[in-house]
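Only heavy atoms go into these numbers, but all of them, side chains included; no hydrogens, no water, no symmetry mates.
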Amino acid sequence: MIDGKTRLCGLIGNPVEHTMSPVIHNTLAEKCGHNLVYVPFLVECGRIAEAVKGAYALNVLGMNVTVPYKSDVIGSLVEVDELASHIGAVNTLVRTEDGYKGYNTDMTGLYRAMTSEGIRIEDEEIVLLGAGGAARAVAYLCGAQKAAKVYLLNRTLEKADKVAEEVNNAFGREVIVPMLLTDYPKLPERKFLAIQGTSVGLAPHEEDVVIEDAAFYQKIHTGFDLIYKPFTTRFMRLVREAGGEAYNGLKMLLYQGIIAYELWNRVEITEEEAGLVYEKLKGNIGK
Ligand code: NAP
């Protein structure tokens, strides 16, 4: 029941109507017996600094940040965690004594999701499709988790070049190899972990896929699509048809939320509790 001691957390972004984060946080609050409510806040263009200041003044415990404010919000924070600072994007604000500290739980969430499925990054040769906001952060994660090599394939080569330069500089080694998307036949003859980080295949364009050629999928032992709507993407089907294992991005969404919840409430969420939230999320996307 909402009473005088109820704490507030929320999501700031534009748009926010589609978000599943309230399902994650309100379920966790209920399961953990925390007196906490999570709501979405639509923030109009140009008003992110006001929104953060207002949230702090209103004693809001923590915030998630989504598109288009993940970079813009940084100027309103008192501190930024090292990984988030490298990536240049923050999706979680944690209340401190003087203001909010920023974190990037999208990436730690992806790492926890992969680990929970038994997928390794360390020493792996990886194919990363895309060089947008999400793929850029994945490239950092791969650098930080000591991937052997990441072939970064993008439709616009300049964007792949830029991400490669930044990440290679950050880690002091040539871990990212930028390539044009259509150059996938030039990939070495071996099996890769492939991470699908483009927006191609997202509902309602469920039959779209960034590479159609079945020969490409012969080179993938495990495919991880950041998309979770549809639950089984065309990319995942093509990986499975070629004999590989395939996963969607729903556990990434789940764990980015769980890690934010843990930071706000200084608790550890058990795998059993995570499983309950996961089932609710699946129900929410019609699975
Ligand atoms: P973004 O910054 O807009 O980047 C989009 C990427 O897709 C770019 O690399 C772009 O290539 C590529 N792309 C778009 N249309 C294309 C086409 N027709 N052919 C080839 N490439 C195309 O988007 P983002 O924020 O990185 O998000 C990417 C995906 O990750 C989205 O589907 C999002 O839902 C998903 N995501 C999931 C989670 C999760 O929790 N599971 C979290 C974050 C994001 P160019 O550079 O050439 O334009």
Side-chain angles (χ1 to χ4, degrees), residues 18 20 67 106-107 109-111 113-114 117-121 124-143 147-165 167 175-254 281-282 285-287:
H18 63 282
M20 292 211 282
V67 177
D106 281 331
M107 278 317 102
L110 173 62
Y111 186 60
M114 287 184 143
E117 305 288 13
I119 303 170
R120 292 166 52 93
I121 291 180
E124 278 289 322
E125 299 237 348
I126 297 169
V127 171
L128 174 55
L129 302 174
R136 189 170 164 277
V138 175
Y140 266 101
L141 178 73
C142 292
K149 194 68 77 195
V150 178
Y151 297 93
L152 179 69
L153 276 61
N154 199 45
R155 176 179 62 176
T156 314
L157 184 61
E158 293 73 31
K159 277 212 227 163
D161 284 340
K162 191 160 178 281
V163 172
E165 193 187 332
V167 178
V175 57
I176 312 288
V177 179
M179 288 172 65
L180 198 55
L181 189 62
T182 46
D183 278 345
Y184 67 84
K186 295 182 184 163
L187 285 167
E189 282 306 321
R190 55 166 298 140
K191 292 265 188 185
F192 296 95
L193 162 64
I195 302 172
Q196 201 304 105
T198 78
S199 44
V200 181
L202 190 61
H205 305 287
E206 309 195 353
E207 284 310 309
D208 290 356
V209 67
V210 75
I211 296 173
E212 294 266 358
D213 187 355
F216 169 70
Y217 295 90
Q218 293 293 338
K219 291 185 177 173
I220 300 176
H221 63 73
T222 307
F224 198 106
D225 200 331
L226 300 195
I227 292 174
Y228 51 81
K229 212 171 184 175
F231 193 75
T232 306
T233 63
R234 175 105 189 279
F235 171 82
M236 291 167 64
R237 286 198 315 246
L238 287 165
V239 170
R240 285 177 185 157
E241 280 164 21
E245 302 251 343
Y247 303 88
N248 67 24
L250 194 61
K251 285 204 172 161
M252 172 181 174
L253 177 79
L254 169 76
L281 286 174
K282 267 169 75 174
I285 56 171
K287 260 288 146 188

- Message: If you apply the rule side chain to side chain contact (heavy atoms under 4.5 Å, CB included), what do you find for L181 with L129, and how did you get there?
- Response: CA-CA 8 Å; L181 189 62; L129 302 174; 4.1 Å; yes
- Return the minimal non-hydrogen interatomic distance between A148 and V175, and the atom names on each side. O-CG2, 4.3 Å
- For residues Y140 and M107, determine if any side-chain heavy atom of one lies less than 4.5 Å from a side-chain heavy atom of the other. no
- Item | Non-neighbouring partners of H205 that pass side chain to side chain donor-acceptor pair (under 3.5 Å), sequence neighbours left out | none
- Query: Around atom NZ of K162, are there more than 12 heavy atoms of other residues, nucleotides or ligands at under 6.0 Å?
  - Reply: no
- Note on the structure: Taking every heavy atom of P230 against every heavy atom of A203, the minimum-distance pair comes out as CD-N, 3.8 Å
- How about M114 and L110: do any of their side-chain heavy atoms sit closer than 4.5 Å? yes
- Item | Which residues share a side chain to side chain donor-acceptor pair (under 3.5 Å) with D225, sequence neighbours left out | Q196, T233
- Which residues share a ring-ring contact (aromatic ring centres under 6.0 Å, His included) with Y111, sequence neighbours left out: none
- Query: Where do I126 and A147 come nearest, in terms of heavy atoms and distance?
  - Reply: CD1-CB, 3.8 Å
- Query: Which residues pass the salt bridge (Lys or Arg N to Asp or Glu O under 4.0 Å) test with E158, sequence neighbours left out?
  - Reply: none
- Task: List in chain and number order the residues that pass side chain to side chain contact (heavy atoms under 4.5 Å, CB included) with A194, two or more places apart in sequence or in another chain; answer none if no residue qualifies.
- Result: V127, I220, F235
- Message: Whether the side chain of N154 engages the backbone of A131 through a donor-acceptor N/O pair (distance < 3.5 Å, no angle test) should be reported.
- Response: yes
- In sequence, state the C-alpha distance, the side-chain angles, and the governing distance for F216 and L187, and then conclude on side chain to side chain contact (heavy atoms under 4.5 Å, CB included). CA-CA 9 Å; F216 169 70; L187 285 167; 3.9 Å; yes
- Task: With sequence neighbours excluded, tell me which residues meet side chain to side chain donor-acceptor pair (under 3.5 Å) with R120.
- Result: none
- Message: Does anything in residues 245-254 form a salt bridge (charged side-chain N to carboxylate O under 4.0 Å, His left out)? List the pairs, not counting sequence neighbours.
- Response: E117-K251
- Item | Heavy-atom pair of closest approach, residues G130 and A135 | O-CB, 3.1 Å
- Query: Distance from M179 atom CE to L152 atom CG, nearest 0.5 Å?
  - Reply: 10.0 Å
- Item | Spatial distance of atom CZ (R155) from atom OG1 (T182) [nearest 0.5 Å] | 11.5 Å
- Query: Residues two or more places apart in sequence or in another chain: which of them pass side chain to side chain donor-acceptor pair (under 3.5 Å) with Y217?
  - Reply: none
- Message: Under a 3.5 Å distance rule, please check whether D208 uses its side chain to pair with a backbone N or O of V200 as donor and acceptor.
- Response: no
- Message: Which residues pass the salt bridge (Lys or Arg N to Asp or Glu O under 4.0 Å) test with R240, not counting sequence neighbours?
- Response: none
- Query: Which heavy atom in A139 sits nearest to a heavy atom in L128, and how many Å separate them?
  - Reply: N-CD2, 3.8 Å
- Message: Testing the basics here: between I227 and N248, what is the closest heavy-atom pair and its distance to 0.1 Å?
- Response: O-CB, 3.4 Å
- Item | Straight-line distance of I195 CD1 to E124 CD, nearest 0.5 Å | 9.5 Å
- Mind checking ring-ring contact (aromatic ring centres under 6.0 Å, His included) for F192 and listing every partner two or more places apart, or none if nothing turns up? Y151
- Task: To the nearest 0.5 Å, tell me how far I285 CD1 sits from Y228 OH.
- Result: 8.0 Å
- Message: Just to verify, what does K229 make a salt bridge (Lys or Arg N to Asp or Glu O under 4.0 Å) with, not counting sequence neighbours?
- Response: none
- Message: I need the L226 CG to M252 CE distance, nearest 0.5 Å.
- Response: 5.0 Å
- In this structure, CG of L193 is separated from OG1 of T222 (nearest 0.5 Å) by 6.0 Å
- Task: Go through the structure and list residues passing side chain to side chain contact (heavy atoms under 4.5 Å, CB included) with E207, not counting sequence neighbours.
- Result: R234, R237
